[in-house]
Amino acid sequence: MYDYPANIITALKDFPRVSLLSQKTPLEKLHNLTNFLSKDENNSTNFFIKRDDLTSLAMGGNKTRPLEFILGEALSKECDQIIITGAVQSNYCRSAAAASAKLGLGCHIQLENRVLDMDSTYHKNGNVLLYKLFGAKISYFPEGENENAADSSLLEISKYYKSIGKKPYIINLSPEHDPIGALGYVDGIKEIIIQCKNQNLKIDGIITASGTASTQAGILTGLALENLKIPVFGICVRRNKYDQKKRIKKVVGKLLKILHSNISIKDEDIHTDDRWLGKGYGIMSPEVLDAINLLAKTDGILTDPTYSGKSIAGLIELTRQNNFEPNSNILYLHTGGHPNIFAYESLLNTSS
Ligand SMILES: Cc1ncc(COP(=O)(O)O)c(C=O)c1O
């Protein structure tokens with residue numbers, strides 16, 4: 001069984017951090033989905049779920065963990081104004097706005113027009129409604145696929161805040177910057193290892209949505225620090241599997257550097273699968289709609305069209321295609337994203 005993750009604890013101890021998670025998120029068996037999928041011929045995979053959709057900040061999600069380190073750094077530099085960029089329905093921006101409110105920091109959100117041809121609900125409801133409730137200022141950026149340009153625009157916005165006497169902290173998007181946020185899932189995997197140890201559970205694989213690559217890179221790095229060989233299947237939600245793999249490799253390299261670690265992660269240990277990306281970021285396919293409906297109806301758990309709906313669709317199909325060993329234990333990392341369900345009302349509201 002697993003040892004206490006002492007290497008991770010040592011590796012993270014000097015990074016400034018704020019506390020945004022008031023408790024561990026549940027790790028439990030996904031009984032009904034396990035039973036449902038076991039009705040398929042030859043399948044006997046056991047599914048477990050790590051409920052990071054329930055992190056204790058403003059409707060949860062995976063971005064709470066990175067923000068503990070990012071905002072820790074911001075406060076250690078005495079910054080008082082957060083500036084962040086993301087898609088119109090960004091869970092990252094929502095979590096950053098909520099955390100900023102909690103810590104008494106200003107928050108400026110730049111919204112990129114990444115998903116075209118969406119209705120007015122998409123532009124007003126879901127996360128957009130929440131940014132405003134958390135008191136964030138919003139500006140718009142016309143492009144959705146130019147990360148460097150989006151980051152440069154944040155720099156321009158920061159000049160304005162400096163001119164009014166604020167001390168801004170920029171949360172950049174491109175992987176060229178130090179991946180402080182990826183420390184969140186180095187720490188997240190620590191929590192998972194401890195829970196598995198306490199439950200006497202051996203995990204044979206982890207499935208997660210993979211977008212900025214921060215989550216997958218953090219998990220891979222945490223596992224490597226503990227010398228645990230558990231495959232991590234990244235379901236692409238933003239770009240194709242080749243580009244995503246390159247990105248994860250880059251983030252892992254930079255992460256190991258800031259951790260002063262000389263371990264390495266092999267290319268063949270970075271698994272990315274883009275079969276559920278559909279027509280692109282934020283665009284829902286019929287398979288994803290079916291998967292969202294299935295998990296809601298088997299286990300009463302919500303997933304969303306952009307992130308967790310795609311990763312759960314991946315889990316279901318990988319299982320049906322017999323990708324997992326008989327009797328193996330697969331952990332689904334639920335990364336959240338519920339609020340954007342309400343932005344996709346017209347596409348999700350298909351059953352009577
Ligand atoms: C709900 C949700 N799940 C998964 C992801 C992807 O995680 P990462 O960006 O760390 O790859 C995101 C990213 O925004 C997200 O909001």
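When reading the values below, keep in mind they use all heavy atoms of this one structure, side chains included, and skip hydrogens, waters and symmetry mates. Quick caveat: nothing in here was measured; it's all calculated off a predicted structure.
Contact of the L27 side chain with the L201 side chain is registered, since non-hydrogen atoms from C-beta on lie closer than 4.5 Å. A heavy-atom distance below 4.5 Å is not found between the side chains of S308 and D53. Between R51 and I301 there is a side-chain heavy-atom pair separated by less than 4.5 Å. Contact annotation: the side chain of I194 approaches that of P5 to within less than 4.5 Å [non-hydrogen atoms, C-beta and beyond]. Residues R65 and D52 form a side-chain contact, since some pair of their non-hydrogen atoms from C-beta on lies under 4.5 Å apart. A heavy-atom distance below 4.5 Å is not found between the side chains of P305 and L347. For the pair L348/M284, a side-chain contact is recorded, criterion being any heavy-atom separation below 4.5 Å from C-beta on. With contacts defined as side-chain heavy-atom distances shorter than 4.5 Å, the pair V18/K102 does not qualify.
Taking all atoms of both residues into account, the shortest heavy-atom contact from G211 to Q244 is O-NE2, 3.1 Å. Shortest non-hydrogen contact noted between G222 and I8 is O-CD1, 3.5 Å. Closest heavy-atom contact between L259 and A11: CD2-O, 3.7 Å. Looking at every heavy atom in both residues, C107 comes nearest to I84 through SG-CG2, 4.4 Å. Residue I109 comes nearest to A97 through the heavy atom pair CD1-CB, 4.1 Å, listed as atom of the first residue, atom of the second, then distance. Scanning all heavy atoms of the two residues, the minimum distance from L255 to A217 falls at CD2-O, 3.8 Å.
Residue V232 is grouped with residue I193 when hydrophobic side chains (ILVMFWY) are merged at heavy-atom distances under 4.5 angstrom, including chains of intermediate members. Placement of I219 and I203 within a single hydrophobic cluster is found when ILVMFWY residues are connected by side-chain heavy-atom separations under 4.5 Å, directly or transitively. Y332 and F233 fall within the same hydrophobic cluster, defined by Ile, Leu, Val, Met, Phe, Trp and Tyr side-chain heavy atoms under 4.5 Å apart, directly or through other members. The hydrophobic clustering, which links ILVMFWY residues whose side-chain heavy atoms are closer than 4.5 Å, places I180 and I170 apart. With hydrophobic clusters built from ILVMFWY side chains whose heavy atoms lie under 4.5 angstrom apart, L173 does not share a cluster with F141.
No side-chain donor-acceptor contact under 3.5 Å links T319 and T45. Between the side chains of N46 and N329, at least one donor N or O sits under 3.5 Å from an acceptor N or O. Judged purely by distance below 3.5 Å, without hydrogens or angles, the side chains of T121 and E345 never pair a donor atom with an acceptor atom.
Between the CG atom of L111 and the OH atom of Y140 there is a distance of 5.5 Å, given to the nearest 0.5 Å. Distance check, rounded to the nearest 0.5 Å: CD1 of I83 to OH of Y169 gives 12.0 Å. Separating the OG1 atom in T208 from the CG atom in L220 is a distance of 10.0 Å, to the nearest 0.5 Å. Atoms CD1 and NZ, from I9 and K13 in turn, are 11.5 Å apart once rounded to the nearest 0.5 Å. Atom CD of residue E73 and atom CG of residue L67 lie 12.5 Å apart, to the nearest 0.5 angstrom. Atom SG of C93 is separated from atom CG of L130 by 12.0 Å, given to the nearest 0.5 angstrom.
For the side chain to side chain contact (heavy atoms under 4.5 Å, CB included) test with R94, the passing option among K63, Q89, M59 is M59; the others fail.
Applying the 6.0 Å contact sphere to NZ of K167 captures more than 12 heavy atoms from other residues, nucleotides or ligands. Annotation for E28: atom CD counts as buried by contact number, over 12 foreign heavy atoms lying within 6.0 Å. The number of heavy atoms from other shown groups lying within 6.0 Å of NZ (K29) is above 12. Residue K254 qualifies as enclosed at atom NZ: its count of foreign heavy atoms under 6.0 Å is above 12. Other residues, nucleotides and ligands place no more than 12 heavy atoms under 6.0 Å from the NZ atom of K249.
Judged by distance alone, the side chain of N7 and the main-chain N or O of L225 form a donor-acceptor pair under 3.5 Å. Side-chain atoms of S95 come within 3.5 Å of backbone N or O of N91 as a donor-acceptor pair. For the pair D204 (side chain) and S328 (backbone), a donor-acceptor distance under 3.5 Å is absent. Using a distance-only test at 3.5 Å, with no hydrogens or angles considered, a donor-acceptor pair links the side chain of D304 to the main chain of Y307. E68 contributes no side-chain N or O that, together with a main-chain N or O of G184, makes up a donor-acceptor pair within less than 3.5 Å. The main-chain N or O of L57 is never found under 3.5 Å from a side-chain atom of T64 such that the two would form a donor-acceptor pair. When atom types are taken as modelled, the side chain of D274 and the backbone of K241 share a donor-acceptor pair closer than 3.5 angstrom. Of the possible donor and acceptor atoms, one in the side chain of Q195 sits under 3.5 Å from a partner among the backbone N and O of T25. For N293 (side chain) and L289 (main-chain N/O), a donor-acceptor pair under 3.5 Å exists by modelled atom type. Between the side chain of K310 and the backbone N or O of I235 there is no donor-acceptor pair closer than 3.5 Å.
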(request) Walk me through it: do F69 and D187 pass the test side chain to side chain contact (heavy atoms under 4.5 Å, CB included)? (result) CA-CA 10 Å; F69 290 91; D187 191 63; 4.1 Å; yes

(request) With side chain to side chain contact (heavy atoms under 4.5 Å, CB included) as the test, would you mind laying out the steps for L33 and L294 before giving the verdict? (result) CA-CA 8 Å; L33 188 69; L294 180 62; 3.9 Å; yes

(request) Any chance you could lay out the side chain to side chain donor-acceptor pair (under 3.5 Å) test for T85 and E112, step after step, and finish with the verdict? (result) CA-CA 7 Å; T85 188; E112 302 161 30; 2.6 Å; yes

(message) Using side chain to side chain contact (heavy atoms under 4.5 Å, CB included), reason through I330 and L318 one step at a time and then give a plain yes or no.
(response) CA-CA 11 Å; I330 300 299; L318 287 169; over 6 Å; no

(message) Test side chain to side chain contact (heavy atoms under 4.5 Å, CB included) on I292 and I341; report intermediate values, then the result.
(response) CA-CA 10 Å; I292 292 173; I341 288 175; 5.8 Å; no

(request) In sequence, state the C-alpha distance, the side-chain angles, and the governing distance for R239 and E147, and then conclude on salt bridge (charged side-chain N to carboxylate O under 4.0 Å, His left out). (result) CA-CA 13 Å; R239 56 187 71 73; E147 290 185 326; 3.6 Å; yes

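In summary, E145 and R238 engage in a salt bridge, as defined by a charged side-chain N under 4.0 Å from a carboxylate O. Look at K250 and E176 and you find a salt bridge, because one of the NZ, NE, NH1 or NH2 atoms lies within 4.0 Å of a carboxylate O, short of that distance. The pair R275-E287 does not count as a salt bridge, with every side-chain nitrogen at least 4.0 angstrom from each carboxylate oxygen.
For residues 90-136, the pairs satisfying ring-ring contact (aromatic ring centres under 6.0 Å, His included) are H108-Y161, Y122-Y344, with sequence neighbours left out.
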